[in-house]
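We count ligands from 1, going down the list as the structure has it; atoms in each ligand are counted the same way.
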Amino acid sequence: MDALDILTDLDNVIPFFQAIFSADEHKVIGYEILGRYRTHNSIESLGPFFMDEGIPEEYKQEVDHVVLTKALDKAVELDKDVLLFINRDADLLMQDDGEVFLQMLLSYEEKGISLNRIVLEISERNYKGQSDHLDHLLIYYRTYGIKVAIDKMGSDSSYLDRIGELAPDILKIDLLALRSTSTSHTYQNVLYSLSMLARKIGATLLFENIEMVYQLQFAWKNGGRFYQGYYLHYPEEQFVDRHIRKTTLRNEFHEFISYEKKKLTGIFQLTESFQSHIQELLGKYRKYSTYEELLEFLTIELSDVAFRMYVCDEDGFQKSENIFKEDSDWILQSHYKNKNWSWRPYFLENIIRMRNEKKGILSDLYSDIETGETVRTYSFPLNSHDYLFIDLSYNFLDKMDVLLN
Ligand code: CA
């Protein structure tokens with residue numbers, strides 16, 4: 001595809017629209033506008049044209065302009081709450097301080113496309129200018145109601161610092177890398193962290209490149225409110241019926257919810273059975289003179305369940321040695337005594353919960369710092385000031401089927 005062919009044939013430069021669906025209503029809430037070029041026998045993406053650094057910027061701006069004009073002309077007919085996601089390269093946008101783009105949007109405002117329906121997907125990939133200049137422009141745009149999205153999240157984590165500065169309205173997370181259930185746990189954890197960050201800064205999560213039901217489930221489970229991808233809708237020249245996926249999404253979400261509830265019920269039941277089991281064991285081994293002695297008693301009963309146990313007080317100071325299962329032997333590790341664990345996430349929250357409810361707690365899944373294994377910890381109030389911690393082995397959790405997040 002030659003750049004000049006395209007520039008001399010702007011009639012065949014057209015917008016395509018990819019629908020974006022919402023989790024709360026299962027309907028189309030917006031479209032991402034994508035540039036296409038119609039040849040005599042096919043439709044080609046203009047992606048390579050825009051990415052090509054050999055093509056002068058004014059050519060790209062012209063093509064951008066044509067795609068957007070045609071798209072907005074069409075979008076006039078849409079419901080007045082449908083969002084329009086527009087991709088813009090920061091470098092191209094800043095050429096004229098973003099004025100042409102803004103004036104164009106304003107000219108469509110009187111035709112019924114209010115600016116608070118515009119979501120600017122800003123790409124800083126080629127941006128060479130100062131980021132505070134760009135930030136000023138985005139702040140200015142926002143005074144008109146334009147929303148800002150950062151896309152391709154998940155494929156490039158270097159954006160993390162920029163997220164804090166831009167405080168985007170929408171974070172678009174790319175699920176391309178999540179193509180199979182075997183995708184590394186690490187990657188899933190990174191996405192989980194992004195979802196936590198989005199929650200903290202009040203950004204809406206949009207998961208894109210959803211191509212399989214598994215990715216949709218992942219997006220749903222990780223706080224995704226908006227979804228986009230071939231699994232839901234291929235980009236098209238026309239707008240679609242907003243309710244096109246309503247029934248299928250509803251049914252699929254029903255499956256996700258059932259599955260999740262079943263899993264959570266399993267975790268709840270395991271917590272309850274631990275509660276009675278540990279209570280019973282503490283009754284049985286009432287007579288101990290040191291916590292180490294108690295832990296040694298417990299290893300007799302919990303040998304296939306745990307790989308590490310210890311006792312902490314309510315401020316997180318370790319009151320016992322560690323008892324640790326090395327191969328098939330339990331060994332005491334004295335150097336852990338008196339260490340403080342109050343800095344660990346959720347530690348004090350969990351202590352307060354146990355103290356108030358007088359019940360044990362099963363933690364979420366996490367990677368053990370020392371063994372690297374995926375584990376959960378069961379903690380239990382021993383008395384009014386000390387708490388027993390039982391790190392559960394991977395094999396046991398696997399057998400109980402409560403390993404999944
Ligand atoms: Ca995009």
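- For Thr377 and Tyr366, the side-chain atoms include at least one donor-acceptor pair closer than 3.5 Å.
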Exercise. Stepwise, does the side-chain contact (heavy atoms from CB on, under 4.5 Å) test hold for Asp96 with Phe101?
Worked result: CA-CA 9 Å; Asp96 56 23; Phe101 180 68; 6.0 Å; no

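- Separation of the Phe347 and Trp341 ring centroids does not fall under the 6.0 Å cut-off.
- Ring centroids of Tyr144 and Tyr140 are separated by less than 6.0 Å, placing the two rings close together.
- Here the Ca ion (ligand 1) has protein N, O or S atoms under 3.0 Å from it, and they come to 4.
- Between Phe239 and Phe17, the ring centre distance stays below 6.0 Å.
- Taking a 6.0 Å sphere around NE2 of His254, one finds it holds 12 or fewer heavy atoms contributed by other residues, nucleotides or ligands.
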